[in-house]
Student: 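Sharing a structure with you now.
Below, read A as the first sequence line, B as the second, and so on, with proteins coming before strands; counting in each chain starts at 1.
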Amino acid sequence: MAVTDILKDFDDLTEPACMDKILMYLEELKEEDDAFMELLVEKLAREEITWEQPWYQQTNSVSRPLKENNEKHKETYKTDTICKAENDIIIKNWKEFIHEYDVPDKIICLARWKNKVKSRLPNTPEESSRRFLISYLARGLQRTTFQVFRHIQTYFGGPVKGAYSAEEEKIMNVCFTHHPNHAVTLLSMVLGREPRGIYKRLQQLYNGKPERKKIRWTIPVASKLLKLLMKYTGLPLDELKNKRFDKEVWVKIAEEFDHHYIHIQKFWYSSLHVQLFVKSNVKLNKLRKKIFKKLKLTSYQIWSDIRWKDVVQQFPDGYTHYFIYKISYGPIHTKPKYHKEPLPEVLDYGLKRLKHYRKLRLRTLALNKEGDLEQVIYDKSNNKS
DNA sequence: CTTTGTTTCGGCTTGTTTGG
DNA sequence: CCAAACAAGCCGAAACAAAG
């Protein structure tokens, strides 16, 4: 049965039978996972790791992060998000594994299975089998087994992404009313989604959705923000560059705007910061072209591999990663499946679209004698980007 | 009290929609 | 089309639970 069909025969979602139907579906999944685990234990209980492992994979716990004592080790592991190339290695290792041990091709069972009823001691058959398998999948990666395990849980255990469908909303509502205490883990399994988004839905149910508000960021409003930021940090303008501020600072500022701090913070990093600290006359399309050209020379395979914080390092002082991301996203986001397509194709698409873009320049701002923001006007001779 | 696995959740980051 | 907000995703760490 498909998830979307669970509630198709019910008109009245308050009927307890709805919940029963969902629980039955959950049971099916659990049985599938348990059967998979049983098989795994059967095959792996006596297996030992024979291959060379870097120190950071020699832990006996895959479900907890490595404790930091890497000072004495020369080799280090990567800490950023696992990229496409690394994911491909995991899949390659998985294919090898299922072939070598004759196990069904159901990595989702590994991702979903939770040790709830068995002993959690590390040398118990379930845990040692799981550790063997994760170590196998981590071969050739500069990652801890914990990172690989978490990646498998999120990537393969929550494959459904994007906005929730109406059917999913129905299922969530039924679980929230009948099983509020276990709704999140239950729904995460049933819907095949990351738990975090489901938590947020549950919280919204209790606390309500905040009303929609909008600020128009005119120069005077931006002036107000800048003054408040200087006031609450006690720093002069030029020391605000590339700084992070405590959340308290943002919250205090947000109160004076009567707006959620997250939006104010975002405006600072994505717009105002750049307008204040980039000191030249920039043609936005020329900048976009430069970004795309640079990205073409990297080894990123797909759009989401791009590490914007690294990319921004190649640009002059004053830019922020979020700004670079934002202006790059514009031209490419209309390409269908831009997430999955090879990056060079996506970039070419973007470069082509740039030709139809309006020719805008980055507006830059500076404080005037009165302490207010004012637009900096560049003349044509000062035409450098 | 320690170890380990799971759940919860804050704080962003990334992706998408909305409304002028 | 763009600016801004909203929505979902990701990461890490703390809280919680179960067992030694």
Student: Please classify the nucleic acid contact of Y325(A) as base, sugar-phosphate, or nothing, using heavy-atom distances under 4.0 Å.
Tutor: base
Student: May I ask you to verify if any side-chain N or O of Y199(A) is less than 4.0 angstrom from the OP1 or OP2 atom of dC9(B)?
Tutor: no
Student: Using a 4.0 Å heavy-atom cut-off across all strands, classify R201(A) as base, sugar-phosphate, or nothing.
Tutor: sugar-phosphate
Student: Have a look at D33(A) and tell me which of K114(A), K106(A), M189(A), E38(A) forms a side-chain contact (heavy atoms from CB on, under 4.5 Å) with it.
Tutor: M189(A)
Student: Starting at CG of N181(A) and ending at P of dT8(B), how long is that distance when rounded to a whole Å?
Tutor: 9 Å
Student: Between E168(A) and R193(A) (salt bridge meaning N to carboxylate O under 4.0 Å), is one present in this structure?
Tutor: yes
Student: For the pair made of CG in L360(A) and P in dC1(C), what is the distance, rounded to whole Å?
Tutor: 12 Å
Student: Please classify the nucleic acid contact of S63(A) as base, sugar-phosphate, or nothing, using heavy-atom distances under 4.0 Å.
Tutor: base
Student: At under 4.0 Å between heavy atoms, what does K309(A) touch on the DNA or RNA strands: base, sugar-phosphate, or nothing?
Tutor: sugar-phosphate
Student: What is the distance from CE of M172(A) to P of dA7(C), rounded to the nearest Å?
Tutor: 12 Å
Student: Using whole Å, report how far NZ of K161(A) lies from C1' of dT16(B).
Tutor: 15 Å
Student: Stepwise, does the salt bridge (charged side-chain N to carboxylate O under 4.0 Å, His left out) test hold for R201(A) with E169(A)?
Tutor: CA-CA 10 Å; R201(A) 281 304 170 97; E169(A) 299 274 6; 2.7 Å; yes
Student: My understanding is that only one of Y300(A), Y325(A), F315(A) makes a ring pair (Phe, Tyr, Trp, His ring centres under 6.0 Å) with W308(A); could you say which?
Tutor: Y325(A)
Student: NA contact type, R353(A), heavy-atom cut-off 4.0 Å: base, sugar-phosphate, or nothing?
Tutor: sugar-phosphate
Student: Can you tell me the distance, in whole Å, between the NZ atom of K335(A) and the P atom of dT16(B)?
Tutor: 15 Å
Student: For the pair made of NE2 in H333(A) and P in dA4(C), what is the distance, rounded to whole Å?
Tutor: 17 Å
Student: Picking from dC11(C), dC6(C), dG9(C), which would you name as closest to the side chain of K200(A)?
Tutor: dG9(C)
Student: Please state how far atom CD in E168(A) lies from atom P in dA7(C), giving the value in whole angstrom units.
Tutor: 15 Å
Student: With a 6.0 Å cut-off on the ring centroids, do H273(A) and W268(A) count as close?
Tutor: yes
Student: Quickly work out the K266(A) NZ to dC2(C) C1' distance and round it to whole Å.
Tutor: 15 Å
